[in-house]
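Take a look at the structure below.
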Amino acid sequence: TIERMGFSSYFLKVEEIVMRSPRLSGRGSGAASIVAYCLGITNVCPVKFNLYFERFLNPGRKDPPDIDVDFAWDERDAAIASVLQQYRGHSAMVASFAAFQPRMAIRETAKVFGLTDAEIGQVSKRLPWFWREVVDDQQDLLDRLRALPELKELDFPEPWPEILQLAERLIGIPRNISVPPGGVVLTPEPIDSYVPIEIAPKGVPIIQWEKDGSESAGLVKIDLLGNRSLAVIRDTVANLHDNGVAFDENGWQPEDDPATQAKVAAGQTLGCFYIESPAMRLLQQRSRRGDYEHVVIHSSIIRPAANKWIHEYLRRLHGGAWQPIHPLLAGVLDDNYGIMVYQEDVAKAAMALAGFDHVEADGLRKVMARKDRHKRLPDYLRRFIAGARQRGVSVEAIETAWDMILSFDGYSFCKPHSASYARVSFQAVYLKTHFPAEFMAAVITNQGGFYATAAYVSEARRMGVRVLPPDVNQSEIAWRGRGRELRVGWGTLHHLGKETRERMVALRPFRDLADFLERVRPDEDEARVLLHARAFDGLPPRQTQAQRLWQILSWRPDRHASRDLFNRRDLTVPPLLPDRPQDVLRDEMQALGFLCDRHPMTLYALDERVVKAKDLARFAGQRVRCAGFLITGKVVFTRHGHPMEVVTFEDETGLLECTFFPETYRRTCHLLDPARPSLIEGKVEEDYGACTITVDRVTSLPLPLSRAA
């Protein structure tokens, strides 16, 4: 099929490109190709996992296929640059057209009216990122904004009504041409003989067509994308080698490791690629399955429109009786408990139930992912009903099958894509299970995950890892793990300049604070942030923070000398009051965003009735009070279009998964602040062993280290 359709050279070009990197992950439908697997483009055997090749390429396909390849996020730009250089004049990146979104339309219109950034920010910054039209289309933009609970305290004086009226007309209009993450087009003849080219602001050539236009024109695209988790795995392994651990990746089969499977089944996957979101962790806990095959199912079934079928899947998974929708589907969906999970299941079901051919079935599969699907679906439904009725399928079975197909509304995955992702997921969980310090160091360094650094620091502590503060004689720019210890890296201190970081690493060791100041020459703000982060604690002699601050202030640059010279004055430190513990902790929190040796919730003397996260299961069905810091939240919409939010809090013992239904969300969303802890009250709901809290009341607590507290 590949040869007949003229794509042999395409495969060989992709092979040539991926050989530039020792670590990558071919994904998408291309992972269903045994040829791609044998060439080293993909990393999952399609024979072993029964992957459906026709989803990627079939004789009736009119548009060219594209192979998606993930590189480590910090290697992608170099890989793309080398391809564009090697095929100069025959290559360019695909363009994308950025349209005005509500926030941008409001900002740009308000600027024309002469409003200041502060005045504009009062509206635009409070406009939630998830905003969409959730009420009657007959209302204008001003009325829709006033209906948002996040903006209920905001007035809209003149000229805001006029600004919003004009901004509404901009929404959806193309604003500028931009460069997408990594689509590269290669052509046999000079590329400007096929398509107009321009140079993007970042200096790369781009075609003046976007993805769909380039495919319609028959241009073959390769997606060279970035994946932070590949860098996490790379850096974890490198850290292990630096520590003298003989870790060999050849023949590595992490999905077969029992300890890794147990951690996946328990949903203990914070920091692990694609299976660390709250929804995925809860699904893992509810399923109680940690094997590779089920993780592949879970990473596909957890899509926005499939909630009903997720519950049915869990029922069947835990022994509930089920039959195929119709005997014609017997054997087609058995691996998925009779439920359509992957994109190709839509095509398979349409062929088996309604007699679609490969081309027609693939067309239905594609329509489900298109923005204009609602215009084109009625025609497919008509053909689906007609074909199924011809085969004797009952109306009830047709409706059930079509309802399952509609659960693919919006984005969804094909099985090859999920299988590729699951392979990376298991590598990450294996490293977290057996080498937690090195793994968490790589996660934080690469900023590669769903959560902020503080959440990963807390997770490391819960795994028994000791978190060490930065040290001018020990820390690297990256975080480092060794055994059961995790050392903070300089990259976390955002107030440190790049040159200062590099000098600290290059010039160490330092004898004392004076030696450090003289040779590194930080400015006062940098020296203060190092002090507050406890980076000088290991330097002799032992001193209080106040004494070290006195020294820093005594070493200001001499105004009458070169800026690089310090006025070395041997001042005796006068008697100073001892440090107050709460001041030291507050300064550390401000410098790092977390505390190294404790969770900030431990600083609260909370009512004994407040339930800890680790004890939540004991209170299933009961009303509880819990306290924690917000670490992530996702706004979703009910079938009636009302916003609600799924929020994760954490205390020192674990995570609290909470649901704010529309009425509670409307009353309390303005109180949800990741910068301060919250006291939450609600009912504990238990579902197949996974516990969540349905919240009905929230109270913001004062910051534990604030001066007011």
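Predicted, not measured: the structure shown is a model, and the values here were computed from it.
The shortest side-chain heavy-atom distance between Arg480 and Asp242 falls under the 4.5 Å cut-off. Contact annotation: the side chain of Thr492 never approaches that of Thr445 to less than 4.5 Å [non-hydrogen atoms, C-beta and beyond]. With contacts defined as side-chain heavy-atom distances shorter than 4.5 Å, the pair Ser33/Thr42 does not qualify. With a 4.5 Å cut-off on side-chain heavy atoms, Leu186 and Val220 do not count as touching. Contact check for Gln261 versus Val429: no side-chain heavy atoms found under the 4.5 Å cut-off. Here the side chains of Leu333 and Ile339 are not in contact, with every heavy-atom distance at 4.5 Å or above. Counting heavy atoms from C-beta outward, Met93 and Ile207 have side chains that stay 4.5 Å or more apart. Counting only heavy atoms from C-beta outward, the side chains of Ile67 and Tyr10 approach each other to under 4.5 Å.
In terms of modelled atom types and a separation under 3.5 Å, the side chain of Asn43 and the main chain of Arg27 share no donor-acceptor contact. Ser475 places a side-chain N or O within 3.5 Å of a backbone atom of Val488 that can act as its donor or acceptor partner. Using a distance-only test at 3.5 Å, with no hydrogens or angles considered, no donor-acceptor pair links the side chain of Tyr342 to the main chain of Ser300. Between the Thr500 side chain and the Leu496 main chain, no donor and acceptor come within less than 3.5 Å of each other. A distance-only check finds no donor-acceptor pair linking the side chain of Ser21 to the backbone of Val18 [under 3.5 Å]. Side chain of Glu3 to backbone of Ser8: no donor-acceptor contact under 3.5 angstrom is found. Looking only at distances, no side-chain donor or acceptor of Ser91 sits under 3.5 Å from a matching main-chain atom of Val185. The main-chain N or O of Met404 is found under 3.5 Å from a side-chain atom of Ser407 such that the two form a donor-acceptor pair. In terms of modelled atom types and a separation under 3.5 Å, the side chain of Thr109 and the main chain of Ile106 share no donor-acceptor contact. In this structure, Ser25 contributes its side chain and Asp70 its backbone to no donor-acceptor pair below 3.5 Å.
Other residues, nucleotides and ligands contribute over 12 non-hydrogen atoms within 6.0 Å of the NE2 atom of His241. Atom CE of Met5 sits in a crowded spot, with more than 12 heavy atoms from other residues, nucleotides or ligands closer than 6.0 Å. For Glu499, the CD atom is loosely surrounded, since the number of other residues' heavy atoms within 6.0 Å does not exceed 12.
With no hydrogens or angles considered, no side-chain donor-acceptor pair links Thr269 and Glu276 at under 3.5 Å. Checked by atom type, the side-chain pair Asp257/His434 shows a donor-acceptor distance below 3.5 Å. In summary, the side chains of Arg88 and Gln85 do present a donor paired with an acceptor at a separation below 3.5 Å, with no hydrogens or angles considered. With hydrogens and angles left out, the side-chain atoms of Arg20 and Gln86 include a donor and acceptor closer than 3.5 Å. For Asn227 and Trp73, the side-chain atoms include no donor-acceptor pair closer than 3.5 Å.
By the 4.0 Å N-to-carboxylate-O rule, Arg365 lies too far from Asp345 to be salt-bridged with it. Under a 4.0 Å N-O distance rule, the pair Asp74/Arg76 does not qualify as a salt bridge. Look at Glu344 and Lys348 and you find no salt bridge, because none of the NZ, NE, NH1 or NH2 atoms lies under 4.0 Å from a carboxylate O.
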(request) Report the C-alpha distance between Met440 and Val457 in whole Å, list the side-chain angles of each, state the deciding distance to 0.1 Å, and finish with yes or no for side chain to side chain contact (heavy atoms under 4.5 Å, CB included). (result) CA-CA 8 Å; Met440 297 309 292; Val457 170; over 6 Å; no
(message) Test side chain to side chain contact (heavy atoms under 4.5 Å, CB included) on Val94 and Lys221; report intermediate values, then the result.
(response) CA-CA 8 Å; Val94 177; Lys221 177 168 63 72; 3.5 Å; yes
(request) Determine, stepwise, if the pair Gln208 / Ile197 fulfils side chain to side chain contact (heavy atoms under 4.5 Å, CB included). (result) CA-CA 6 Å; Gln208 293 182 349; Ile197 303 294; over 6 Å; no
(request) Apply the test side chain to side chain contact (heavy atoms under 4.5 Å, CB included) to residues Ser29 and Cys414: give CA-CA distance (whole Å), side-chain angles for both, the deciding distance (0.1 Å), then the verdict. (result) CA-CA 6 Å; Ser29 60; Cys414 58; 4.1 Å; yes
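With Arg234 as reference, Glu75 is the one residue of Glu438, Glu75, Glu249 to meet the salt bridge (charged side-chain N to carboxylate O under 4.0 Å, His left out) rule. Partner Phe408 forms a side-chain contact (heavy atoms from CB on, under 4.5 Å) with one of Val367, Val341, Val346 and no other, that one being Val346. Each of Ile405, Leu381, Asp379 was scored for a side-chain contact (heavy atoms from CB on, under 4.5 Å) with Leu364, with one residue passing: Ile405.
The salt bridge (charged side-chain N to carboxylate O under 4.0 Å, His left out) analysis of residues 412-424, with sequence neighbours excluded, yields the pairs Glu255-Arg423. For the side-chain hydrogen bond (donor to acceptor under 3.5 Å, both in side chains) condition, the pairs that include at least one residue of residues 174-194, sequence neighbours left out, are Ser96-Ser178.
Of all heavy-atom pairs between Ser412 and Gln343, the closest is O-NE2, 2.8 Å.
Between Tyr421 and Phe273, the gap from one ring centroid to the other is short of 6.0 Å. A distance below 6.0 Å separates the ring centres of Phe413 and Tyr274.
The aromatic rings of Phe53 and Phe56 sit perpendicular, their planes meeting at an angle over 60°, well past the 30° parallel limit. Note: Phe356 and Tyr380 have tilted aromatic rings, judged against thresholds of 30 and 60 degrees for the angle between ring planes. Between Phe247 and Tyr430, the ring planes are tilted. Angles from 30° to 60° get that label. Between Phe426 and Tyr292, the angle of the ring planes lies from 30° to 60°, which puts this pair in the tilted group.
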